[in-house]
Each structure stands twice: as structure tokens, then as C-alpha cells.
Amino acid sequence: MTLFDSPAFEGHEGVHAFCDEAAGLKTIIAVHSTTLGPAAGGCRMWPYESAEAALTDALRLSRAMSFKNAMAGLELGGGKSVIIGDSRTQKTPALFQAFGRSVESLGGRYWTAEDVGVSPDDLMEARKETRFVAGLEGHAAASGDPSPVTAEGVFRGIRLCVERAYGQDLNGVTVALQGVGHVGGYLADKLHAAGAKLIVTDVNQTALREVAARTGATIVAPDAIFDVEAEVFAPCALGGAINVETLGRLKGRVVAGAANNQLATPEIGRALFDKGLLYAPDYVINGGGIINVAAEILGLEAGLAFDQAWVDAKLDRLALTLAEVLDRAAADGRPTHEIANEMARERIAAGRG
Ligand code: NAD
């Protein structure tokens, strides 16, 4: 299969590979769309087994960013970069400076930020070579940790899905929370404050104990989270939580959480729908984080400080967009993830007009 007929290529404007032997850099920057604005999406550092695996990941992630940014109502397109390497052993300032030069060479068509394996310190090195970097600290437009904003968006999304599926608020509803990291931790606090009962799991025992102490959550082993009696399953760990093995085990009617790529395959989204479950499309419900980053990009571009009111307004709008996805899915009798993809494509096409 060639690059152009790979299923992940779909509509990419540009795919850029850069190599800097002296700095040990091999990076791919995928720009899916700049229709709505400059492409924005984080940089992931991962020890990919092959350049093909890195390319597929970059393509998949950059298209997802186009859809996420469009659904969050941002004047941003979608892009993503991947650096091939082990973030525990192969990071150097020179590597991230070389990465910064790669970003700079695209002349602002792509803005980078944090993703798995890349920290604000790494981005500071990239910033020495390019201004097209968000997620930095210590400047007036800095957006800080996006996790609380992501958690607030996910909390509102769960509340909406519970209203739709069960006709009630969160008081007394049980939520099975997979992953109590940055987002999951904040989300647990919000759910607890709203009167929900929590069943939590994580592979990090310290994080688990802290969340349980704050919220009275029941702790279960990682694999047991799929079998508990809970109205809501909230994936907030890694991707692929909903797959052929786990779907049949879920007891509730709602799947809504922060994780990216929750559906192992598009087909599992259809199976989830056929089973009568309500799924909040991941890239819609978790758009709070990119809204926060977008505020930093806007601030840097305009020379203005971070604008919290702008973020709050976009987050309110995101909740309405999720409601629209659920409405259209109910009216058409179709899975929510298909409706969300359609709406994202419509928004990008409208921007092209
Ligand atoms: P995080 O790394 O802080 O938290 C993830 C947690 O999941 C960790 O505590 C980890 O120990 C746990 N975990 C890993 N494997 C597990 C397993 N098999 N079972 C149970 N727990 C497991 O990450 P985060 O920033 O909280 O993000 C969580 C998810 O949300 C990720 O998929 C991320 O891509 C997505 N997301 C995050 C943001 C954000 O603002 N941070 C925005 C959008 C999407």
C-alpha cells in the first residue's frame, strides 16, 4: 500500500518527514486540514517499531484533531507530529531544537503543543527555533494544565448523557471511572460533588488511594472495572477501552469519558449502538483541553493575555454541540460517532465554501 491509498491518509493537505542526524531527530508532521485555520495538535514522542507505524499514527491523530477542533468551534485546523524515539532515554535539548526548526519550516501552517512523551520543558527548547508552539509556561497568554478544563467538559457531557439515557441527574448514579490521572482525578471530584457514586481503577496505586480518600470511591482491579454495576462507564486512561472483549461486559447504558480513541474500531461503535448504549464521541466530549490551548494560540498571535471568559464561552458551546450530536443521532436512529464525524466534515466543508 502506498501513502496515498492508506485509509489513514484521507484528505491530508500535507505530510512532512524531517531528519536531523546530528540531533538524532526523525519526525513526521501531518497536516490534515488548514481550512478553518492553522493546523493545531500536539507532538507525541514514542518508540515506534517502524517509520510506517509512526506515519499511520501521525495521520490518524492529525485527522482526529481536525474533527476535534471543528467540533470545539475553533478557528483551527488539524495536525499532529510524532517524534520517533524513547522519551525516557533519547530526549536532548538539541533534538527538540531540531524539531522546532521542522515546525518553523512549515511557516505557521502547524502549531505544536504537548502530547504523550513531550513536556513543557521540551517545548521551551522547540520555542528557541519557532514561535508556533503552545503549552509553554511563564508568559501572559500561557494556558497552563488543560486537564481541569477537559474534566469540566467531560463532567457536563456525562451529566447530559445520564439525563438522556436515564432521565435523571447525577445524584445517586454510579460511575465506573477507568483512570484517575490528570483528567480522571478532577472528574472524580466533580462527580462526587454532584452526588454520584464512584467505582475507580488505575494501575497507579497512589493516585487511586488519593482519589478514594477524597471521594469515598470503591477501588477495583483494572480488569474488573468492565464488570461492575454502574450506569456510566467513563474511560479516562488509554485508547481502545471499548472493544469486542469489553463491550459485552458493560452493565450501564452510557459510555462517556476523556480518553482519546475509546472505540477500538468504528464497527464497535455500531455494536455499542445496537446494544442500546449511548456513547459520547470522545473527540467531542474531551474538547475542553484543546479549547484551553487554542486560547493560548490566540493570545500569542494577538499579543494578548490568556482570556478565561473566551474559554468558558467555548466550553458552554461545546456542551450544546454534544447535545446536537445526541439529538441528531436520536432523530436519525444512528450511532453518535457516525453523526459526529458527519458534523465535523460538514463544518470543515462549510469553512471551505
Ligand atoms: P494521565 O496519564 O494523567 O492519566 C491516565 C491514567 O490512566 C494514569 O493514572 C494511568 O496510571 C492510568 N492507566 C493507564 N493504563 C491503565 C489501565 N490499563 N487501567 C487503568 N488505568 C490505567 O492522562 P490524562 O491527561 O488524565 O488523560 C487521560 C486520557 O484523556 C488520555 O487518553 C488522554 O489522551 C485524554 N485526554 C486528555 C486531555 C487533557 O487535557 N489532559 C485532553 C483530551 C484528551
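Counting convention: from 1, in listed order, for ligands and their atoms alike. Counting begins at 1 with the first residue of the sequence.
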Colleague: Can you tell if the side chain of Leu277 reaches within under 4.5 Å of the side chain of Phe233, non-hydrogen atoms only?
Modeller: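 Contact flag for Leu277/Phe233 side chains = no.
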Colleague: What protein heavy atom sits nearest atom 35 (C) of ligand 1, and how far away is it?
Modeller: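 Protein heavy atom with the smallest distance to atom 35 (C) of ligand 1: Ala258 O, 3.3 Å.
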Colleague: Less than 4.5 Å apart, any side-chain heavy atom of Asp122 and any of Met45?
Modeller: no
Colleague: Any Lys/Arg nitrogen of Glu229 or Lys251 sitting under 4.0 Å from an Asp/Glu carboxylate oxygen of the other?
Modeller: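 Looking at Glu229 and Lys251, the cut-off is not met.
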Colleague: To which protein heavy atom is atom 29 (C) of ligand 1 closest, and what is the distance rounded to 0.1 Å?
Modeller: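 The closest heavy atom on the protein side is Ala237 O, 3.4 Å.
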Colleague: Considering only heavy atoms of Ser147, which atoms of ligand 1 have at least one such atom less than 4.0 Å away?
Modeller: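 Near Ser147, the atoms of ligand 1 are 40 (O), 41 (N).
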Colleague: With the threshold set at 4.0 Å, does a side-chain nitrogen-carboxylate oxygen contact exist between Lys314 and Asp307?
Modeller: no
Colleague: Checking contacts here: is it the side chain or the backbone of Asp202 that comes within 4.0 Å of ligand 1, counting heavy atoms only? Could be both or neither.
Modeller: both
Colleague: Which is closest to atom 25 (O) of ligand 1 in terms of heavy atoms, Arg44, Gln205, His182?
Modeller: His182
Colleague: Is it the case that the side chain of Glu296 and the backbone of Leu136 share a donor-acceptor pair, with hydrogens and angles ignored and the cut-off at 3.5 Å?
Modeller: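 Yes; judged by distance alone, with no hydrogens or angles, the pair exists.
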Colleague: Which ligand 1 atoms, with their elements, are less than 4.0 angstrom from a heavy-atom of Leu238?
Modeller: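 The list of qualifying atoms is 15 (N).
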Colleague: Taking NZ, NE, NH1 and NH2 as the nitrogens, is one of them in Lys68 or Asp282 under 4.0 Å from a carboxylate oxygen of the other?
Modeller: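 The answer is no: the pair does not qualify as a salt bridge.
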Colleague: Quick one about Ser147 and Asp145 (side-chain donor to acceptor, distance below 3.5 Å, no hydrogens or angles considered), yes or no?
Modeller: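 Asp145 vs Ser147: donor-acceptor pair found between side chains.
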Colleague: Measure Cys236 to ligand 1 on non-hydrogen atoms and call it side chain, backbone, both or neither using the 4.0 Å cut-off.
Modeller: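 Backbone only; the side chain of Cys236 stays clear of ligand 1.
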Colleague: Between Leu187 and Leu177, is there a side-chain heavy-atom distance shorter than 4.5 Å?
Modeller: yes
Colleague: If you scan the protein for heavy atoms around atom 2 (O) of ligand 1, do you find one that is closer than 4.0 Å?
Modeller: no
Colleague: Counting from 1, what ligand 1 atoms have a heavy atom of Ala259 closer than 4.0 Å?
Modeller: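 Here the atoms of ligand 1 in question are 29 (C), 30 (O), 32 (O), 35 (C).
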Colleague: Considering only heavy atoms of Pro146, which atoms of ligand 1 have at least one such atom less than 4.0 Å away?
Modeller: 40 (O)
Colleague: Any N or O of Thr201 that comes nearer than 3.5 Å to an N or O of ligand 1?
Modeller: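 There is no such contact.
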